[in-house]
Structure formats: C-alpha cells, structure tokens
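Structure record follows, encoded as structure tokens.
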Amino acid sequence: VLIIGLVTVLPHLFPLLTPVVCRQMRIALLLVAGSLAIGLPFSVLHGSFVGLQRNELSAYIIMASRLSAGAFIILASMRGYSLPMLGFITACANVAAYAAAYLVYRRTVPQIRIRLRFCDFKTSKELSSYCYSLTIWSISMLLVSGLDLIIVGVFDYSAVAYYATASSLVIVLAGITNAISSALMPASAVLHAQNDSGALGRMLISSTRYCTVLLLVCGIPFILYGRSLLTRWVGPVYAGHSIWILRVLIAGNMIRLTAAPYASILIGTGQQRLVTISPLVEGITNLFASIVGAKLFGAIGVAVGTLIGAVFCFAANIVYNMPRTTSITFRIPMY
C-alpha cells in the first residue's frame with residue numbers, strides 16, 4: 001500500500017523526471033517492491049535457519065539470488081533494456097529465492113510444518129510484544145539511510161547518481177558487518193537462558209573489538225584510496241563527484257556499525273524492547289540534519305547528516321541504552 005502511494009506521488013518527489021522515465025520508474029518500482037512484499041512471510045523461514053544456527057543456508061540462497069540477478073542485469077543493461085526489464089529480472093530473482101528457501105526449509109526440518117490453525121490470539125500477542133520495538137528500529141533505519149536518495153533527488157537532483165554510487169559501497173560494508181553480527185543472536189539467546197550475564201558482557205566486548213577491526217580494515221581503504229577505487233569502477237567523472245560523499249558516508253557508518261554486535265545481542269536476549277526511544281531520536285536527528293544539509297550544501301550535506309546521526313547513536317548507546325540493559329554485565333569504560 002505504501003509503495004502504491006509512493007508510485008502515485010513519484011512525479012511530485014522528482015519533478016525533473018521526464019514522463020517516459022517516470023513511467024518506467026513506476027513499473028520497475030511496482031515490480032521490485034511487489035516481489036519484496038510477497039517475500040515478507042518467507043522471512044520466517046530464514047529466521048528458522050538462524051534459530052537452528054544454520055546461517056549458511058540463508059547465505060547460500062541470498063548469495064545465489066543476488067549473483068544471478070546481478071549477472072542478468074548486467075547482460076540486460078549491455079543490450080540496452082529499460083528499467084522495467086531490470087525490475088522484472090530483480091523480481092524474478094527474489095521470487096526464485098523464496099521458492100528455494102521453502103524447498104531448503106522442507107528438507108532441513110521436515111518435522112516442522114506451517115499450518116493456519118497454529119495462528120491464534122496468544123501467539124499474535126506474543127509476537128507483537130516481541131517485534132514492536134524491532135519495528136521501531138526498522139522505521140529508524142528508514143529515516144537514517146532509506147530516505148537519503150529521495151532527499152538528494154528533491155534538493156540536488158543532478159547528484160543522485162553520484163550519491164547512489166557512494167551509498168552502494170556503504171551497503172556492502174554494512175551488509176558484511178550485519179551478516180557477521182547476526183550470528184551472535186542464537187549464541188546470546190543460549191547464554192541468556194543460562195542467566196550468564198557475565199559471559200554476555202564478555203561476548204559483547206570481544207565481538208565489538210573484532211567488529212571494529214573489521215570496519216577499520218574495510219573502511220579505511222575507501223577513505224584513503226577511494227578516488228582510485230571509484231575511478232577503476234565507474235570512471236573519473238563519477239569518482240570526482242562521489243569521492244567526498246563516499247568518505248563521509250563510510251566514516252559515519254563505521255561509527256554507527258560498531259554497535260552492530262550490541263544490537264544483535266539485545267535481540268538474542270529479548271532486550272530490544274528496552275531500546276526504543278534512542279533509535280527514533282537518532283532517526284529523526286539524522287533526517288533533520290540531512291534535510292538541512294541538503295538545503296545548504298546539496299548531496300554532501302545529506303552524507304554529513306548521516307555522520308551526525310551516527311555520532312548521536314554512539315553517544316545514546318553509551319549514556320542511555322547500556323545502563324538500562326542490565327542482563328549484559330560489562331564495564332562501559334572497557335567497551
């Protein structure tokens with residue numbers, strides 16, 4: 001429903017779009033978003049893989065889907081196909097991944113069946129209680145990074161492609177970090193069931209240390225040698241316009257992604273419901289700073305807004321969130 005509304009107002013968000021491009025964007029957006037909507041129930045299957053500590057099953061399915069979609073999109077682009085065809089390829093890859101997840105699920109845990117009769121008010125209430133805070137987190141992440149391109153399109157339309165180039169590299173950095181951190185969820189759930197808060201604290205400290213090292217190893221080359229890397233990838237024109245956007249986005253995400261292990265352990269221990277105010281405040285702060293930055297400085301101002309939000313996120317965790325999540329015992333100065 002939200003995507004249909006977005007498709008309706010698309011010309012008002014991007015008034016510089018030509019009618020032909022606008023029509024193509026609408027079709028592509030409906031195809032891709034429609035496939036994602038279909039896939040929402042299938043996230044239960046991937047959740048089951050994580051709960052069984054079989055994360056590799058989800059990784060194989062998603063990797064195969066992304067690689068095949070990427071290969072077909074490259075071929076279609078080389079042959080000059082339009083946006084609707086690219087959207088159709090992406091949608092087909094998504095649907096194929098859902099089918100694969102279901103087949104793997106049935107082979108891995110055939111004893112667990114999905115039945116409509118298992119749906120009841122008590123289960124719905126329990127799930128709602130557990131997930132409402134995660135929904136707030138998702139809304140906050142939308143405010144942090146999901147609206148960036150729209151803001152750039154409204155205030156600095158000519159820089160959309162340059163910002164998208166930089167943000168795509170940031171998505172890779174975030175994807176690697178979150179994929180590794182998600183493995184902490186089932187392990188932290190076991191420790192929480194054993195009431196071992198000290199072990200949870202040690203897990204948080206060590207995993208955050210390794211996560212930070214990973215972020216430094218992956219992020220610093222983009223900051224120091226980003227121009228040459230971008231030049232090799234997209235050419236000197238895009239590299240010249242994207243480099244400072246990339247540097248600021250990488251710096252901001254390196255700061256905020258240090259909290260990825262903390263977030264995963266919170267979810268594994270069921271304490272995410274204690275952390276709802278600060279994500280919203282971070283998201284609103286990020287959105288406000290991005291809009292102001294876009295008005296004053298264009299696309300680079302949106303990236304600066306992300307950096308400001310990341311600093312706020314880190315400070316909120318130290319000052320507000322960590323003292324409240326008492327099931328994880330650790331010294332904040334050590335963290």
Note to self: Return the OG to CG distance between Ser327 and Leu191, rounded to the nearest 0.5 Å.
What the structure shows: 12.0 Å
Notebook entry, point to check: Is atom CZ of Phe330 surrounded by more than 12 heavy atoms (other residues, nucleotides or ligands) closer than 6.0 Å?
Noted result: yes
Next item on the list: Find out if a path of hydrophobic residues (ILVMFWY) with successive side-chain heavy-atom gaps under 4.5 Å connects Phe88 to Ile3.
Entry: yes
Check: Does a sphere of radius 6.0 Å around CD1 in Ile277 hold more than 12 heavy atoms from other residues, nucleotides or ligands, not counting ones at 6.0 Å or beyond?
Finding: no
Note to self: Check the orientation of Phe42 and Tyr98. Use parallel for under 30°, tilted for 30 to 60°, and perpendicular for over 60°.
What the structure shows: parallel
Check: With sequence neighbours left out, which residue pairs that include part of residues 282-298 fulfil the salt bridge (charged side-chain N to carboxylate O under 4.0 Å, His left out) condition?
Finding: Arg256-Glu282
Next item on the list: Can you sort out the partners of Tyr162 under ring pair (Phe, Tyr, Trp, His ring centres under 6.0 Å), two or more places apart, ordered by chain and number?
Entry: Tyr238, His241
Checklist line | Hydrophobic cluster membership, Val237 vs Tyr157, 4.5 Å side-chain cutoff | finding: yes
Next item on the list: Side-chain contact test, heavy atoms from C-beta onward, threshold under 4.5 Å: evaluate it for Ile328 versus Leu266 and give yes or no.
Entry: yes
Margin query: With a 3.5 Å distance limit and no angle check, can you tell me whether Arg273 reaches the backbone of Ser133 through a side-chain donor-acceptor pair?
Written below: no
Check: Is it true that atom OH of Tyr335 has more than 12 heavy atoms of other residues, nucleotides or ligands lying nearer than 6.0 Å?
Finding: yes
Item checked: CZ/Phe288: more than 12 non-hydrogen atoms of other groups inside 6.0 Å -> no
Check: Counting only heavy atoms not in Phe121, do more than 12 fall under 6.0 Å of its CZ?
Finding: no
Check: Taking atom types as modelled and ignoring hydrogens, do the side chains of Ser181 and Ser264 form a donor-acceptor contact shorter than 3.5 angstrom?
Finding: no
Check: Between Thr325 and Asn321, do the side chains contain an N or O donor and an N or O acceptor separated by less than 3.5 Å?
Finding: no
Note to self: Could you check whether Asp148 and Tyr163, counting side-chain N and O atoms only, form a donor-acceptor pair closer than 3.5 Å?
What the structure shows: yes
Notebook entry, point to check: Should Cys313 and Asn286 count as side-chain neighbours, where that means a heavy-atom distance under 4.5 Å?
Noted result: no
Next item on the list: Could you tell me whether a side-chain N or O of Ser65 sits under 3.5 Å from a main-chain N or O of Ile61, the two making a donor and an acceptor?
Entry: no
Checklist line | Pairs touching residues 306-320 that satisfy salt bridge (charged side-chain N to carboxylate O under 4.0 Å, His left out), sequence neighbours left out | finding: none
Notebook entry, point to check: Can you find a heavy atom in the side chain of Ile243 that is under 4.5 Å from one in the side chain of Arg247?
Noted result: yes
Check: Got more than 12 heavy atoms from elsewhere within 6.0 Å of CD1, Ile332?
Finding: yes
